[in-house]
Amino acid sequence: MKRNIVIATIAAAALVSGGTATAFALGGDDEPSAAGKSSVQVKGDDGRTFDDRDDAYDDDRDDQDDRNDAREDAREDAREARGDKAENAAEAKGAKVSAAEAIAAALKATPGAAVSADLDDDNGGLVWDVDVVGKDGRTWHSVQIDPGTGKVLGSHVERDDDGDDAAEDARVAAAVKGASVSAGEAAKAAGGKGAVTSVDVDDDAARVGSWNVETTSADGTESHWNVDLNTGKVTVDRTDD
């Protein structure tokens with residue numbers, strides 16, 4: 001579950017010089033820590049980051065709008081879709097550290113129960129962002145793992161100062177604590193479907209009963225799966241159909 005409260009921002013500063021490098025500025029649990037750098041950079045065949053390519057697509061589309069040509073618009077949409085799939089494939093391929101391994105690394109650094117793990121792209125750099133509920137069942141940590149090395153880049157504590165999310169957080173924490181299948185196990189269970197890029201608690205229903213897992217195939221196609229919290233059974237998530 002990705003919480004909406006942002007206490008410490010993961011700021012990504014992109015520095016393109018000779019084809020390198022992107023740095024992630026990450027905060028510590030209570031005080032800012034030294035910036036950690038992701039070892040994984042994702043760029044297109046032309047050397048530009050995918051964010052740059054998206055900007056170019058937007059500029060091209062603006063030109064086509066002036067011409068009001070439906071066929072050109074359709075071709076542009078198709079090109080953008082191909083670009084999105086290429087980006088998905090490149091990110092999945094670039095993550096040498098799996099979701100299960102990232103979760104294990106986060107839990108080693110911050111003991112508790114993992115609630116989610118997401119492979120995030122910011123200005124061409126990748127990072128695993130793992131949410132962990134501490135052993136007290138109340139403290140939420142965000143731990144960033146390098147997807148190339150498995151090293152901890154940084155972490156911070158998330159706080160709900162106004163208490164708006166307290167009830168939901170408690171419900172999710174209790175469900176994860178009582179689950180027979182952990183986030184890491186859910187990632188492994190769905191691993192045969194493709195490269196796992198996201199594991200999250202399905203908290204949309206009144207009862208928390210499964211993990212939502214996103215996988216990416218070699219061609220960049222994304223698929224969504226439900227993994228039962230108690231049995232580990234993997235089924236297709238049809239909520240987006």
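Sequential numbering from 1 along the given sequence is applied to the chain's residues.
A donor-acceptor contact under 3.5 angstrom links the side chains of S142 and Q144, judged on distance only.
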Quiz prompt | V132/L107 under side-chain contact (heavy atoms from CB on, under 4.5 Å): CA gap, chis, key distance, verdict | solution = CA-CA 7 Å; V132 176; L107 291 175; 3.8 Å; yes
Quiz item: Can you check side-chain contact (heavy atoms from CB on, under 4.5 Å) on E158 and D131, steps first, answer last?
Solution: CA-CA 9 Å; E158 296 184 349; D131 279 355; 4.2 Å; yes
Practice problem: Could you go through the side-chain contact (heavy atoms from CB on, under 4.5 Å) check for D146 and V40 one step at a time? | Solution: CA-CA 8 Å; D146 190 307; V40 181; 4.2 Å; yes
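In plain terms, the two heavy atoms of N88 and G220 that are nearest each other are ND2-O, 3.3 Å. Shown here for V196 and A187, the closest heavy-atom pair between the two residues is CG2-O, 3.5 Å. Closest of all the heavy-atom pairs between V176 and V115 is CG2-CG2, 4.4 Å. When every heavy atom of D219 is checked against every heavy atom of A89, the shortest pair comes out as C-CB, 4.2 Å. The heavy-atom pair separating L119 from A95 by the smallest distance is CD2-CB, 3.9 Å. Heavy atoms only, all atoms of each residue included: E101 and K96 are closest at OE1-O, 3.9 Å.
Taking OG from S38 and CD1 from I145, the interatomic distance works out to 11.5 Å, rounded to the nearest 0.5 Å. Note that CG of L126 is 13.5 Å distant from NZ of K93, once rounded to the nearest 0.5 Å. Expressed to the nearest 0.5 Å, how far CD1 of I103 lies from CD of E185 amounts to 10.0 Å. The structure places OG of S210 at 12.5 Å from NZ of K233, a figure rounded to the nearest 0.5 Å. Atom-to-atom distance recorded for W225:CH2 and S198:OG is 14.5 Å, nearest 0.5 angstrom. The distance from the CG atom of N212 to the CG atom of N226 is 5.0 Å, given to the nearest 0.5 Å.
Put simply, the side chain of W211 gets close to the backbone of V181: a donor and an acceptor are under 3.5 Å apart. Side-chain atoms of D136 come within 3.5 Å of backbone atoms of R138 as a donor-acceptor pair (strictly under, hydrogens ignored).
Counting heavy atoms from C-beta outward, V234 and K193 have side chains that approach closer than 4.5 Å.
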